[in-house]
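Notes to accompany the following structure.
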2 protein chains.
Amino acid sequence: MTSTMDSPLVDAMLHPVRGHMAFESCVEQLGSAIQLGIFRPGSKLPNERELAERLNVSRATLREAISALRAAGFVSTTRGRGGGTIVEQLAGEWPGEAHPSHDRQAEIEDIVVFRSVIEPGAAYRAAKTALGPEQRALLTECLADLGKANSPADYRQADARLHLAIASVCGSDELSKACSLVQAKVHQFLAEIPFLQANIANSDEQHYTIVHAILEGDAERARFVMHEHCDATAALLKGLLK
Amino acid sequence: MTSTMDSPLVDAMLHPVRGHMAFESCVEQLGSAIQLGIFRPGSKLPNERELAERLNVSRATLREAISALRAAGFVSTTRGRGGGTIVEQLAGEWPGEAHPSHDRQAEIEDIVVFRSVIEPGAAYRAAKTALGPEQRALLTECLADLGKANSPADYRQADARLHLAIASVCGSDELSKACSLVQAKVHQFLAEIPFLQANIANSDEQHYTIVHAILEGDAERARFVMHEHCDATAALLKGLLK
DNA sequence: GGTTAAAAGTCTAAAGTCAGGCCATTGACT
DNA sequence: AGTCAATGGCCTGACTTTAGACTTTTAACC
């Protein structure tokens with residue numbers, strides 16, 4: 001007999017605490033940001049003190065994380081004035097933990113469902129929001145970047161940036177956070193399956209439609225197309241991964 | 001000159017790490033679960049070893065958290081076989097940190113936006129999902145609880161449980177987690193404003209419509225009504241709080 | 001060329017957290 | 001009544017993280 005009748009709501013409410021893994025969490029966040037192209041190769045990361053404050057982590061811990069990224073070849077560091085940590089042209093693969101494939105299935109299902117809620121909702125919300133000129137510029141710029149991409153890796157990064165941009169213009173940190181998580185995971189999975197040129201044309205059209213629907217305030221359309229867009233990726237992931 | 005041009009996407013991507021607060025995080029989660037009525041007064045919490053494992057926290061840390069809750073009068077503990085930590089009939093107020101009111105404004109705006117994405121999306125998704133008999137029962141039961149509530153506090157708890165139930169039947173842990181966060185925050189804010197009897201009739205009808213739309217698979221309707229439902233709360237919060 | 005400022009690198013003491021084992025208590029079962 | 005098992009209570013040693021001061025390096029600036 002368990003001590004409490006295990007209501008499903010208890011399961012829904014209690015979540016693992018990201019305990020003392022400040023270090024790992026930093027590695028994940030910075031690693032994701034680099035892989036998603038939020039930090040571009042050649043650009044400089046914020047300095048250690050600033051970054052540490054942003055991540056709400058002590059400088060010592062942040063330095064550990066940077067050390068790990070340096071060891072993995074993601075960044076390199078120079079000292080002295082004008083120095084800092086710069087992002088390397090990444091060719092290397094993520095020294096990922098190679099999860100056993102059976103909880104992958106569940107993780108994919110989880111993230112795919114979550115995404116189908118977050119991203120269409122964000123697109124809808126973004127379209128309903130009165131956007132400032134900078135936000136509109138951000139969206140069109142991300143869309144343009146997507147056209148300029150000339151490699152699968154570039155394309156996927158630009159894609160992630162656009163999706164994140166859409167969430168970020170809604171003005172909710174929690175929403176941005178959720179979208180970051182989604183994009184990081186989706187990117188990670190997508191990186192393991194072959195890149196299909198055939199999908200691009202369709203994707204491009206959807207991206208174009210979504211951004212313009214948002215800019216014109218057509219929330220229903222933005223949501224609808226984003227939903228289709230996410231479904232396409234979901235089918236890809238569920239079909240090609242096992 | 002900052003070291004990196006601070007792209008808005010960097011802001012969207014980097015989030016404070018909940019590093020050094022395993023203890024606080026436990027208190028928050030358990031405290032929220034109790035206040036939302038996920039753990040009912042008089043019922044027993046899972047035993048320490050089990051709870052610690054669920055929260056991914058050492059028993060020592062969990063015990064600290066329980067200690068804090070006991071000190072605040074939320075629970076009481078007895079030892080020996082058949083013992084455990086039971087939830088008290090809570091009359092006391094949360095010894096909340098009384099945030100300075102100016103970032104409250106921002107926090108409310110944030111959570112209200114996030115909610116308007118999460119909950120309508122969850123309702124839509126739930127309606128699209130093939131629900132098992134237990135899940136259907138959970139929803140109707142939560143709806144019935146709402147009718148049985150005979151105090152504002154009861155009502156708000158039943159409301160939170162219903163919303164959480166809707167998210168949980170979608171089968172995504174991340175979605176449940178997001179909804180927990182939303183409900184905890186909304187509950188916290190709602191507890192500070194007067195309870196308006198006039199709103200209940202409208203709310204009740206919306207709840208009824210949403211649940212039945214979900215059970216019948218009418219996703220569009222579930223989403224639409226949930227959206228209205230959230231907007232009503234949002235207006236309440238933004239109007240009555242400052 | 002010398003000065004300076006901005007950055008990474010280093011050190012330390014204190015606090016938090018963990019893993020796991022052992023003890024103490026007490027109701028449940030025989 | 002006696003035994004047992006489940007539960008909270010407690011302890012120790014190792015590791016992580018923190019906060020902040022201090023050092024070193026090096027390019028930018030005059």
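In what follows, every chain begins at residue 1, and chains take the letters A, B, ... in the order their sequences are listed. All values below come from the heavy atoms of this structure, side chains included, with hydrogens, waters and symmetry mates left out.
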Subject >> A:E64/A:F23 under side chain to side chain contact (heavy atoms under 4.5 Å, CB included): CA gap, chis, key distance, verdict >> reply: CA-CA 7 Å; A:E64 283 295 305; A:F23 156 74; 3.6 Å; yes

[Y] versus [X], side-chain donor and acceptor atoms under 3.5 Å:
X	Y	value
B:D159	B:H207	yes
B:E119	B:Q183	yes
A:R70	A:S76	no

Original post:
Going 5' to 3' along nucleotides 22-30 of chain C, which nucleotides have protein heavy atoms under 4.0 Å from the base (write B), which only from the sugar-phosphate (write S), and which from neither (write -)?
Top reply: B-SBBBS--

Tell me the interatomic distance from [X], atom [atom1], to [N], atom [atom2], rounded to whole angstroms.
X	N	atom1	atom2	value
A:F23	C:dT17	CZ	P	19 Å
B:E50	D:dA5	CD	C1'	16 Å
A:L62	C:dA7	CG	P	14 Å
B:E53	C:dA19	CD	P	10 Å
B:L45	D:dT7	CG	P	13 Å
B:E24	C:dA15	CD	P	16 Å
B:M21	C:dG16	CE	P	12 Å
A:N47	D:dT25	CG	C1'	16 Å

Subject >> Between the first and last five pairs of the helix from C:dG1-D:dC30 to C:dT30-D:dA1, the angle of the axes, rounded to 10 degrees >> reply: 20°

Original post:
Between A:S58 and B:I66, which is nearer to the 5' end of DNA chain D once each is assigned its nearest nucleotide?
Top reply: B:I66

One thing to verify: whether [Y] and [X] come together as a salt bridge, which I'm taking to mean a side-chain N less than 4.0 angstrom from a carboxylate O.
X	Y	value
B:E109	B:K238	yes
A:R104	A:E192	yes
A:R54	B:D11	yes

Original post:
Looking at D:dG9, C:dC18, D:dG8, which one has an atom nearest to any side-chain atom of B:R70?
Top reply: D:dG9

Original post:
Which listed nucleotide (D:dT18, D:dT7, C:dG9) is nearest to the side chain of A:E48?
Top reply: C:dG9

**OP:** Establish, with yes or no, whether the OP1 or OP2 oxygen of C:dG9 is under 4.0 angstrom from a side-chain nitrogen or oxygen of A:R63.
**Re:** yes

**OP:** Test side chain to side chain contact (heavy atoms under 4.5 Å, CB included) on A:R115 and A:V186 and set out the steps.
**Re:** CA-CA 9 Å; A:R115 188 187 190 197; A:V186 167; 4.2 Å; yes

**OP:** Select from A:A60 and A:T78 the residue whose nearest nucleotide in DNA chain C is closer to the 5' end of that strand.
**Re:** A:T78

Original post:
If every non-hydrogen atom of A:A123 is compared with every non-hydrogen atom of A:I166, which pair is closest and at what distance?
Top reply: CA-CG2, 3.9 Å

